[in-house]
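Have a look at the structure below, then the notes.
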Amino acid sequence: ATTATTEYVTLTTHVTAGKLNRLLLQLQRWNGPTSAAIYMNRIEDIDIFCDFYRQNKDDLGFVSFHILIETTTTSPDVRPGVAVAWLRFA
């Protein structure tokens, strides 16, 4: 019989920017590759995520982040929807 290890399994999850501390707890327990979608619907969420990343970057080595930003507008030229963004940190 074989046993699944973190070498072959990737944790996939999603969280809002306000719950990033819970994501960090999951990552500490899992200690393997992770794909995390971060849902944002306020401009402040971008700052929250950037601060979280900078403060915890040593613990985020196995994480691939996918940023989903909900956009709303009253402009007739721009359609509301969801945008996927990639953030790069120096």
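Just so we're clear, the structure is a prediction, and the values are computed from it rather than from any experiment.
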Step-by-step side-chain contact (heavy atoms from CB on, under 4.5 Å) determination, Ile69 to Asn41 | CA-CA 6 Å; Ile69 301 173; Asn41 64 352; over 6 Å; no
Met40 and Phe49: side-chain contact (heavy atoms from CB on, under 4.5 Å), yes or no, with the steps?
-> CA-CA 9 Å; Met40 300 180 188; Phe49 176 76; 3.5 Å; yes
Yes or no on side-chain contact (heavy atoms from CB on, under 4.5 Å) for Trp30 and Val9, after CA distance, side-chain angles and deciding distance?
-> CA-CA 10 Å; Trp30 173 244; Val9 178; 3.9 Å; yes
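With values rounded to the nearest 0.5 angstrom, Leu20 atom CG is found 10.5 Å from Gln55 atom CD. Taken from CD in Glu44 to CD1 in Ile46, the straight-line distance is 9.0 Å, to the nearest 0.5 Å. Rounding to the nearest 0.5 Å places OG1 of Thr13 at 13.0 Å from NZ of Lys19.
The number of heavy atoms from other shown groups lying within 6.0 Å of CZ (Arg42) is above 12.
By the criterion of side-chain heavy atoms lying less than 4.5 angstrom apart, applied directly or through intervening Ile, Leu, Val, Met, Phe, Trp or Tyr residues, Leu27 is not grouped with Phe62; the two fall into different hydrophobic clusters. Val15 and Leu25 fall into different hydrophobic clusters, defined by Ile, Leu, Val, Met, Phe, Trp and Tyr side-chain heavy atoms under 4.5 Å apart, directly or through other members.
For the pair Thr34 and Thr12, the minimum side-chain heavy-atom distance is 4.5 Å or more. You'll find the side chain of Ile38 stays beyond 4.5 Å of the side chain of Leu68, heavy atoms only. Side-chain contact check for Tyr53 versus Asp51: every heavy-atom pair is 4.5 Å or farther apart. Counting heavy atoms from C-beta on, the side chains of Leu60 and Phe52 come closer than 4.5 Å.
Across Ala17 and Ile48, no two heavy atoms sit closer than the pair O-CG2, 3.5 Å.
Results of the side chain to side chain contact (heavy atoms under 4.5 Å, CB included) test with Asn56 over Leu23, Leu24, Asn21 single out Leu24 as the only residue that passes.
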